[in-house]
**Student:** 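For reference, the structure I am asking about is given below.
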Protein chains: 2
Amino acid sequence: MPTPDRTSLDAIVTAARDLLEAEGLAALTMNAVAQRVGVRAPSLYKRVESRDRLIQLVAEATLTDLADRLSEERSVATIVNEFRAFGRERPAAFQLVLTPASGTPLADDSFRFVASEAILRGAGELAGEEHALEAARTVVAWATGFISMELNGSFQLGGDVDAAWSYGVERIVAAITR
Amino acid sequence: MPTPDRTSLDAIVTAARDLLEAEGLAALTMNAVAQRVGVRAPSLYKRVESRDRLIQLVAEATLTDLADRLSEERSVATIVNEFRAFGRERPAAFQLVLTPASGTPLADDSFRFVASEAILRGAGELAGEEHALEAARTVVAWATGFISMELNGSFQLGGDVDAAWSYGVERIVAAITR
DNA sequence: ACCTGAACACCGTTCAAGT
DNA sequence: ACCTGAACACCGTTCAAGT
């Protein structure tokens, strides 16, 4: 006799995302996720192939969220500021997606592509279409590195980090402007 | 009756470092390290407090190696090129140290400080001492982001990645030069 | 003084048995 | 058709017992 579903893939991915942010990737265990959605760990395998695949789904959902937010911004400066705001709101997801450790399951390229569209467009307007790709890579590399360093406490030498961010935005925008 | 030592902290850290590079952080288990140095896992605890502490020691040794290499370079361009070479030679260690995931044990700040000296000096020469810190942060953020993206395959849109690197170096150096 | 097997509490994952 | 307990092979870590 069929049993009504007690959970769903969406609920599982949401639970995993919350767990990642609240306690880090190591705490994202099948047991902990199962407990959050109200089943036992083995039941999760009816909906997700493995823990790695679940992590990949979280990464992909994160990129979708990020793409939505960046797509509403127009200038390189506001895109990059929104990028930083996203990193501060969801630091663990940001690191998972933008600076994954060796061995971490990666989001499919299609998700990364969507998230890169806003920056590609903004950079193209400043640098010219023929240099859009190089310019976008310069901006994204800088912003990703900066935010990642900020999130993991690498700015240890004092100084005003917000000022360094503003300095960077200004210089990078000038650097890629034709 | 005393037994002669069958391993050493140095051998353990070296084994851990090699394992990290060969198979990733997840494969850096106490069992695998013990096997490499020729003892059983429990014996490692005579020399290292925990797996987390061992990972931290690997991170700190990596920063020492990096500092040695960067200190021999003089210009921002050559420092940053050497930084990239290091990342390509030891991608897993690079990621562990420069873009650690949430929950990863971090190297003590003193080790990070040593590794940042060369760039701080180089950036100061270009930007002036009063902007050395902001300029160094801009350079390091860009280079770290670029190399990290390169290592984890984030440059998926084609184009010449070496050309994007050269473009970036040139623009960043110009951007921070007073 | 160092090393070890056995043990503990955890993992991820599989699978037969339940409803 | 979904869910579960039990089981398996692994983790990191502790500790009493060996030399």
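We name chains A, B, ... by the order of the sequence lines, and we start the count at 1 in each one. Keep in mind it's a predicted model, so treat the numbers as computed, not measured.
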**Student:** Could you give the CD-to-C1' distance, from A:E49 to C:dG12, as a whole number of Å?
**Tutor:** 14 Å
**Student:** Send over the distance from A:L44 CG to C:dC15 P, rounded to a whole Å.
**Tutor:** 17 Å
**Student:** Can you say whether the rings of B:F94 and B:F83 are parallel (under 30°), tilted (30 to 60°) or perpendicular (over 60°)?
**Tutor:** tilted
**Student:** Mind calculating the distance between CG (A:D5) and P (C:dT19) to the nearest angstrom?
**Tutor:** 19 Å
**Student:** Select one nucleotide: of C:dC2, D:dG12, C:dC3, the one nearest the side-chain heavy atoms of B:M30.
**Tutor:** D:dG12
**Student:** Can a side chain N or O of B:N31 be found less than 4.0 Å away from OP1 or OP2 on D:dG12?
**Tutor:** no
**Student:** Checking B:S110 against B:D108: is there a side-chain donor and acceptor pair closer than 3.5 Å?
**Tutor:** yes
**Student:** Between D:dT4 atom P and A:Q35 atom CD, what is the distance in whole Å?
**Tutor:** 12 Å
**Student:** Do you know which two heavy atoms are closest between B:G158 and A:L133, and how far apart they sit?
**Tutor:** O-CD2, 3.6 Å
**Student:** Measure the distance from CZ on B:R51 to P on D:dG12 and round it to the nearest whole Å.
**Tutor:** 6 Å
**Student:** Is any side-chain N or O of B:R40 closer than 4.0 Å to OP1 or OP2 of C:dG5?
**Tutor:** yes
**Student:** If you check the A:Y45 side chain, which of C:dC2, C:dG12, C:dC3 turns out closest?
**Tutor:** C:dG12
**Student:** Is it the case that more than 12 heavy atoms not belonging to A:Q35 sit under 6.0 Å from its CD atom?
**Tutor:** no
**Student:** Separation of B:K46 atom NZ from C:dA1 atom P, in whole Å?
**Tutor:** 9 Å
**Student:** Any idea which of D:dC3, C:dT4, D:dG12 is nearest the B:T29 side chain?
**Tutor:** D:dG12
**Student:** Any side-chain N or O of B:S43 below 4.0 angstrom from OP1/OP2 of C:dT4?
**Tutor:** yes
**Student:** Report the distance from atom CZ of A:R53 to atom C1' of C:dG12, rounded to the nearest whole Å.
**Tutor:** 17 Å
**Student:** Using purine N1 to pyrimidine N3 plus N6-O4 or O6-N4 for Watson-Crick, or N1-O2 and O6-N3 for G-U wobble, both under 3.5 Å, which nucleotide pairs with C:dT19?
**Tutor:** D:dA1
**Student:** Nearest to the side chain of A:S50, which nucleotide is it out of C:dT4, C:dT13, D:dC11?
**Tutor:** C:dT13
**Student:** Under 3.5 Å for both donor-acceptor distances, Watson-Crick or wobble: does D:dT14 have a partner, and if so which one?
**Tutor:** C:dA6
**Student:** Please state how far atom CZ in B:R47 lies from atom C1' in D:dT13, giving the value in whole angstrom units.
**Tutor:** 17 Å
**Student:** Check the pair A:N152, A:S154 against side-chain hydrogen bond (donor to acceptor under 3.5 Å, both in side chains), reporting the backbone distance first and the verdict last.
**Tutor:** CA-CA 6 Å; A:N152 66 51; A:S154 289; 2.5 Å; yes
